[in-house]
Amino acid sequence: MNIRFPRLVCGALLPLALLAACATVTPATPEEAVAKRAQARFDALIAKDFKAAYGFFTPSYRDMMNYENWIRSRPPRASFRTARVLKVECPSADACKVEMETAYDSPRGVKAAPKGLIERVVPERWVRVDGEWWLFQAR
C-alpha cells in the first residue's frame, strides 16, 4: 500500500502542475499577447537578428515577399538601441494597434536624416491569423 500512495499523489499532482505552468505562460488578453509579440520583434531588431524580426510578419506577406527580397528592398539602416510597448488597443478580436517607443542611431546613408540618437513612437498594426498575432505590413 505504501508503494501505491506516492504514485497516486504524483499522478494527481502532475496534471495540476502542468495546468498551472500553462496558465502562467499564456497571456490573458489579446492586448497582452500582442504586446509580448511586438516587444519580441523589436528585441530581435535591437539584436540585429533581422531574420527573426522578419518572422513576425503575416504569413501572407512572407509568402509574397521572401526574406532575401525583403532585406534587399528595406536594408536596415537604423540601429535600434531600445524599444518598449507604450500602448496596445484592440478595436476588434482580430486586430490591434500598437505604439512602440523606440530609440535608434541615425540611419546610415541617408543625407537628410538627423544626426545622433533619434527617439520616436512607431505605430504598428497587428492582426490575428489562425490564432496567432502577426505584424501587418502593407505592400
Side-chain angles (χ1 to χ4, degrees):
M1 188 100 135
N2 287 344
I3 295 172
R4 292 188 68 185
F5 180 73
R7 286 185 189 166
L8 181 62
V9 170
C10 290
L13 293 180
L14 183 60
L16 291 174
L18 290 174
L19 185 61
C22 290
T24 59
V25 172
T26 305
T29 66
E31 289 83 0
E32 290 172 350
V34 170
K36 185 176 180 178
R37 300 251 316 148
Q39 186 65 55
R41 178 179 166 273
F42 266 94
D43 290 346
L45 290 171
I46 291 166
K48 296 182 179 23
D49 186 352
F50 303 116
K51 198 156 217 163
Y54 168 82
F56 286 92
F57 290 121
T58 61
S60 60
Y61 181 79
R62 286 181 284 129
D63 286 345
M64 180 181 65
M65 175 78 73
N66 68 30
Y67 174 76
E68 290 75 20
N69 289 337
W70 173 74
I71 203 76
R72 217 175 293 125
S73 70
R74 292 179 174 87
R77 293 193 171 128
S79 181
F80 284 95
R81 288 193 189 179
T82 63
R84 74 178 182 92
V85 177
L86 279 181
K87 181 168 59 169
V88 178
E89 291 179 349
C90 301
S92 74
D94 295 319
C96 294
K97 298 175 185 176
V98 176
E99 289 184 2
M100 297 293 300
E101 181 181 65
T102 64
Y104 55 93
D105 292 320
S106 181
R108 299 172 309 218
V110 180
K111 291 180 183 178
K115 302 298 180 217
L117 186 68
I118 299 169
E119 295 177 341
R120 177 174 168 228
V121 173
V122 176
E124 295 182 334
R125 290 174 48 200
W126 287 75
V127 295
R128 185 171 15 210
V129 177
D130 296 329
E132 183 62 84
W133 289 98
W134 305 98
L135 176 64
F136 177 80
Q137 178 71 35
R139 176 111 172 107

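Along the sequence shown, the residues carry numbers beginning at 1.
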**Q** Taking C-beta and beyond as the side chain, do Val127 and Arg125 meet within less than 4.5 Å on heavy atoms?
**A** no
**Q** Donor-acceptor pair, Ser106 side chain versus Pro114 backbone, under 3.5 Å?
**A**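 Yes, Ser106 side chain to Pro114 backbone: donor-acceptor pair under 3.5 Å.
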**Q** Side-chain contact test, heavy atoms from C-beta onward, threshold under 4.5 Å: evaluate it for Met100 versus Arg84 and give yes or no.
**A**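 They are not in contact (no side-chain heavy atoms under 4.5 Å apart), so the answer is no.
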**Q** Check Ser79 against Lys48 and note the closest heavy-atom contact, atom names and distance.
**A** OG-NZ, 2.8 Å
**Q** Taking the basic N atoms (NZ, or NE/NH1/NH2) and the acidic carboxylate oxygens, is any pair closer than 4.0 Å for Glu101 and Arg120?
**A** no
**Q** Would you compute the distance between atom CG of Asp105 and atom CZ of Arg81 and round it to the nearest 0.5 angstrom?
**A**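 Between Asp105 CG and Arg81 CZ, I get 4.0 Å after rounding to 0.5 Å.
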**Q** Is there a path of hydrophobic side-chain contacts, each under 4.5 Å between heavy atoms of I/L/V/M/F/W/Y residues, joining Val85 to Trp126?
**A**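 Per the 4.5 Å side-chain linkage, Trp126 and Val85 are co-clustered.
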**Q** Out of curiosity, Met64 CE to Asn69 CG, how far, rounded to the nearest 0.5 Å?
**A** 10.5 Å
**Q** State the CD1-CZ distance between Ile46 and Arg41, to the nearest 0.5 angstrom.
**A**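 Reported value, rounded in 0.5 Å steps: 11.0 Å.
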**Q** Heavy-atom distance under 4.5 Å between the side chains of Tyr104 and Glu119, does that happen here?
**A**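 They are not in contact (no side-chain heavy atoms under 4.5 Å apart), so the answer is no.
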**Q** Taking it one step at a time, do Glu68 and Trp70 satisfy side-chain hydrogen bond (donor to acceptor under 3.5 Å, both in side chains)?
**A** CA-CA 5 Å; Glu68 290 75 20; Trp70 173 74; over 6 Å; no
**Q** Taking C-beta and beyond as the side chain, do Phe80 and Thr102 meet within less than 4.5 Å on heavy atoms?
**A** yes
**Q** Find out whether Val34 and Val98 are in side-chain contact, i.e. whether some heavy atom of one side chain is under 4.5 Å from a heavy atom of the other.
**A** yes
**Q** If I compare all heavy atoms of Pro91 with all of Ala95, which pair ends up nearest, and what's the gap?
**A** CD-O, 3.3 Å
**Q** Determine whether a donor-acceptor pair (N or O, by modelled atom type, separation under 3.5 Å) exists between the side chain of Gln39 and the backbone of Ala35.
**A**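 A pair under 3.5 Å: no.
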**Q** Go through the steps to decide whether Arg74 and Phe50 satisfy the test side chain to side chain contact (heavy atoms under 4.5 Å, CB included), and finish with yes or no.
**A** CA-CA 11 Å; Arg74 292 179 174 87; Phe50 303 116; over 6 Å; no
**Q** At what distance, to the nearest 0.5 angstrom, does OG1 of Thr82 lie from CG of Asp43?
**A** 10.5 Å
**Q** According to a hydrophobic-cluster definition based on side-chain heavy atoms being under 4.5 Å apart (Ile, Leu, Val, Met, Phe, Trp, Tyr only), do Leu86 and Leu45 belong together?
**A** no
**Q** Would you kindly confirm whether Tyr54 and Val129 end up in one hydrophobic cluster when ILVMFWY residues are joined by side chain heavy atoms under 4.5 Å apart?
**A** no
**Q** Taking the side chain as every heavy atom from C-beta outward, state whether Met65 and Ser73 have any atom pair closer than 4.5 Å.
**A**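 A side-chain contact exists here, since the closest heavy-atom pair is under 4.5 Å.
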**Q** Any heavy-atom pair between the side chains of Ser60 and Trp134 that's under 4.5 Å?
**A**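 Sidechains of Ser60 and Trp134: no contact.
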**Q** Should Lys97 and Glu99 count as an ion pair when the cut-off is N to O under 4.0 Å?
**A** no
**Q** Would Phe136 and Tyr67 show up in the same hydrophobic cluster when neighbours are defined by side-chain heavy atoms closer than 4.5 Å?
**A** no
**Q** Taking all non-hydrogen atoms of both residues into account, name the closest pair between Gln137 and Phe57 and its distance.
**A**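 Minimum heavy-atom contact is OE1-CE2, 3.5 Å.
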**Q** So, for Cys96 and Trp133, which heavy atoms are closest and what is the spacing to 0.1 Å?
**A** SG-CH2, 3.6 Å
